[in-house]
Amino acid sequence: MVGMDVNAACSVRDKVVIVTGGGTGIGKVYSERLAQAGARVVLADIADDAAQAVARSIRGSGGQALAFPTDVTDPQAVQVMVEGAIAAWGRIDALINNASLMSVLPRGEWFRIPLEEWDRVMEVNLKGMFICCRAVYPHMKAQGGGRIVNISSSRIWAGNPNRLHYTTSKAGVIGLTRALAREVGDDGIGVNAITPGFTESETQMATSSSNYVAGRARDRCFKRPQFPDDLVGAVFFLISDASAFITGQTLNVDGGQAMH
Ligand SMILES: NC(=O)c1ccc[n+]([C@@H]2O[C@H](COP(=O)([O-])OP(=O)(O)OC[C@H]3O[C@@H](n4cnc5c(N)ncnc54)[C@H](O)[C@@H]3O)[C@@H](O)[C@H]2O)c1
């Protein structure tokens with residue numbers, strides 16, 4: 001691209017970015033880093049106390065953040081959150097679909113998963129993503145474009161066992177990403193996915209045995225733990241203008257465990 005301003009293209013400054021599940025874990029780190037880089041961050045988490053605390057802390061450090069109590073499976077709550085973002089900042093540049101049922105799920109044999117738990121995982125991890133995409137769509141369309149980043153999991157490449165419902169839902173995220181990218185390409189909206197490897201978020205660590213954690217880095221090219229900050233660059237890239245011609249793709253971030 002002749003005459004491209006590389007610094008501007010890579011910047012997230014002033015972008016209005018919704019982070020679902022932004023109150024804890026990796027989503028909290030996305031929110032903090034985005035705010036540090038000058039983005040205006042909307043935290044949408046069912047754990048509203050946590051999200052409000054993150055937003056307050058960002059504002060206390062001179063950043064811009066708002067939190068709205070949001071269950072992503074509740075279309076009305078999602079609508080209120082999106083309208084709140086529009087009322088505050090007038091546009092939505094990016095949606096990071098990060099909320100999910102993951103760390104709260106027990107690991108175990110697939111045939112013991114209760115049907116209600118299976119349904120709730122699909123509801124949050126897939127239907128919730130659909131509801132959030134649908135809610136931002138009219139605004140992104142009206143403003144001539146936007147970026148959607150869907151958080152999947154590197155589990156889908158190897159087919160990791162022990163959370164069959166979770167792995168299945170995260171594979172569904174890739175189908176949603178690809179088909180939605182085709183649906184909204186003419187509106188200038190880019191839709192991509194990230195597949196993180198096992199990441200030592202506070203929530204993941206609180207629910208994983210030290211034995212399980214110790215084995216995670218073994219098959220990586222980079223044999224060290226993966227931290228939330230290892231995912232930040234991929235998110236920044238996919239919401240910035242630097243990735244403007246990339247859509248329908250999946251970026252694997254796992255230290256080179258899976259090769260995609
Ligand atoms: N940590 C890992 O090892 C890892 C690996 C691969 C993918 N991921 C994915 O990365 C994302 C973040 O992971 P994490 O480790 O922070 O997980 P997590 O389980 O700690 O965080 C999920 C967040 O989503 C929120 N949430 C749950 N249900 C919600 C709902 N109905 N509405 C709104 N918010 C809801 C939670 O409150 C929490 O803040 C998730 O999508 C997860 O599946 C994580």
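Just so you know, ligand 1 is whichever comes first in the structure, and atom 1 is the first atom listed for that ligand. Keep in mind that this is a model prediction, so the values were computed, not measured.
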Colleague: Which heavy atom of the protein is the closest neighbour of atom 38 (C) of ligand 1, given with residue, atom name and distance?
Modeller: T24 OG1, 3.2 Å
Colleague: May I ask you to identify, for K170, whether its side chain, its backbone, both or neither come under 4.0 Å of ligand 1 on a heavy-atom basis?
Modeller: side chain
Colleague: Provide, to 0.1 Å, the distance between atom 5 (C) of ligand 1 and the closest protein heavy atom, together with that atom's residue and name.
Modeller: G197 O, 3.3 Å
Colleague: Quick one: pull up NE2 in H139 and CD in E83 and give me the separation to the nearest 0.5 Å.
Modeller: 4.5 Å
Colleague: Report the nearest protein non-hydrogen atom to atom 1 (N) of ligand 1: residue, atom name, distance rounded to 0.1 Å.
Modeller: T199 O, 3.2 Å
Colleague: Are D45 and T20 close enough that some pair of their side-chain heavy atoms sits under 4.5 Å apart?
Modeller: no
Colleague: Relative to ligand 1, is S201 under 4.0 angstrom through side chain, backbone, both or neither, heavy atoms considered?
Modeller: side chain
Colleague: Please work out which of V19, I46, I131 has its closest non-hydrogen atom nearest to atom 29 (C) of ligand 1.
Modeller: I46
Colleague: Considering only non-hydrogen protein atoms, determine which one is nearest to atom 17 (O) of ligand 1 and report residue, atom name and distance to 0.1 Å.
Modeller: M102 CE, 3.3 Å
Colleague: What atoms of ligand 1 come closer than 4.0 angstrom to any heavy atom of A47?
Modeller: 37 (O)
Colleague: Out of L105, V213, V72, who is nearest to atom 30 (C) of ligand 1 when you count heavy atoms only?
Modeller: V72
Colleague: Any nitrogen or oxygen of T73, side chain or backbone, less than 3.5 Å from one on ligand 1?
Modeller: no
Colleague: Quick test: of every protein heavy atom, which one is nearest to atom 19 (O) of ligand 1, and how far off is it to 0.1 Å?
Modeller: S103 OG, 2.7 Å
Colleague: Assess, by modelled atom type and distance only, whether the side chains of R107 and S208 contain a donor and an acceptor separated by less than 3.5 Å.
Modeller: yes
Colleague: Is it the side chain (CB and beyond), the backbone, both or neither of T70 that lies under 4.0 Å from ligand 1, heavy atoms counted?
Modeller: backbone
Colleague: Of all the atoms in ligand 1, which lie at a distance below 4.0 Å from a heavy atom belonging to Y166?
Modeller: 6 (C), 7 (C), 8 (N), 9 (C), 42 (C), 43 (O)
Colleague: State the CD1-CG distance between I113 and D119, to the nearest 0.5 angstrom.
Modeller: 11.5 Å
Colleague: Which ligand 1 atoms are under 4.0 Å away from a heavy-atom of T203?
Modeller: 14 (P), 15 (O), 16 (O), 17 (O), 18 (P), 20 (O)
Colleague: Taking atom 39 (O) of ligand 1 as the point of reference, which of N125, N150, L231, D45 owns the nearest heavy atom?
Modeller: D45
Colleague: Give, for atom CG of N150 and atom OG1 of T177, the distance between the pair rounded to the nearest 0.5 Å.
Modeller: 4.0 Å
Colleague: Compute both the distance and the angle, then confirm whether R33 meets the cation-pi test with Y30: under 6.0 Å from the six-membered ring centre, within 45 degrees of the axis.
Modeller: no
Colleague: Between the side chains of E123 and R120, is the shortest nitrogen-to-carboxylate-oxygen separation below 4.0 Å, so that they form an ion pair?
Modeller: yes
Colleague: Do Q226 and D230 have side-chain N/O donor and acceptor atoms under 3.5 Å apart?
Modeller: no
Colleague: Kindly compute the distance separating OG1 (T250) from CD1 (I174), expressed to the nearest 0.5 Å.
Modeller: 3.5 Å
Colleague: Give me the residue, atom name and distance of the protein heavy atom closest to atom 22 (C) of ligand 1.
Modeller: S100 O, 3.5 Å
Colleague: I'd like to know whether ligand 1 has P228 as a neighbour, heavy-atom separation below 4.0 Å.
Modeller: no
Colleague: Could you go step by step and tell me if V72 and M129 meet the side-chain contact (heavy atoms from CB on, under 4.5 Å) rule?
Modeller: CA-CA 7 Å; V72 292; M129 199 170 270; over 6 Å; no
Colleague: Are T73 and D71 close enough that a side-chain donor and a side-chain acceptor fall under 3.5 Å?
Modeller: yes
Colleague: If you measure from CG on L66 to CE on M81, what distance do you get to the nearest 0.5 Å?
Modeller: 11.5 Å
Colleague: Does the R56 side chain pair with the main chain of G60, one donor and one acceptor, at a distance under 3.5 Å?
Modeller: no
Colleague: Can you find an N/O atom of P196 closer than 3.5 Å to an N/O atom of ligand 1?
Modeller: no
Colleague: As an exercise, state the distance from CG of L101 to CE of M122, rounded to the nearest 0.5 Å.
Modeller: 10.5 Å
Colleague: Going by the order shown, which atoms of ligand 1 are within less than 4.0 Å of some heavy atom of D71?
Modeller: 30 (C), 31 (N), 32 (N)
Colleague: Closer than 4.0 angstrom: is that true for some heavy atom of I151 and an atom of ligand 1?
Modeller: yes
Colleague: Quick one: does S153 get an N or O within less than 3.5 Å of an N or O on ligand 1?
Modeller: no
Colleague: I'd like to check which ligand 1 atoms, numbered from 1 as shown, lie under 4.0 Å from a non-hydrogen atom of F198.
Modeller: 3 (O)
Colleague: For ligand 1, is any non-hydrogen atom under 4.0 Å from S152's backbone (N, CA, C, O), its side chain (CB onward), both, or neither?
Modeller: backbone
Colleague: Are any of the N or O atoms of I26 closer than 3.5 Å to those of ligand 1?
Modeller: yes
Colleague: Could you pull out, from T20, V124, D254, N98, the option with a heavy atom nearest to atom 40 (C) of ligand 1?
Modeller: N98
Colleague: Do we get R155 above Y166's six-membered ring, with its NZ or CZ under 6.0 Å from the centre and within 45° of the axis?
Modeller: no
Colleague: For ligand 1, which atoms sit closer than 4.0 Å to a heavy atom of G25?
Modeller: 16 (O)
Colleague: Measure the distances from the heavy atoms of A51 to every atom of ligand 1 and state whether one is below 4.0 angstrom.
Modeller: no
Colleague: Closer than 3.5 angstrom, by distance alone: can the side chain of D241 be matched with the main-chain N or O of A244 as a donor-acceptor pair?
Modeller: no
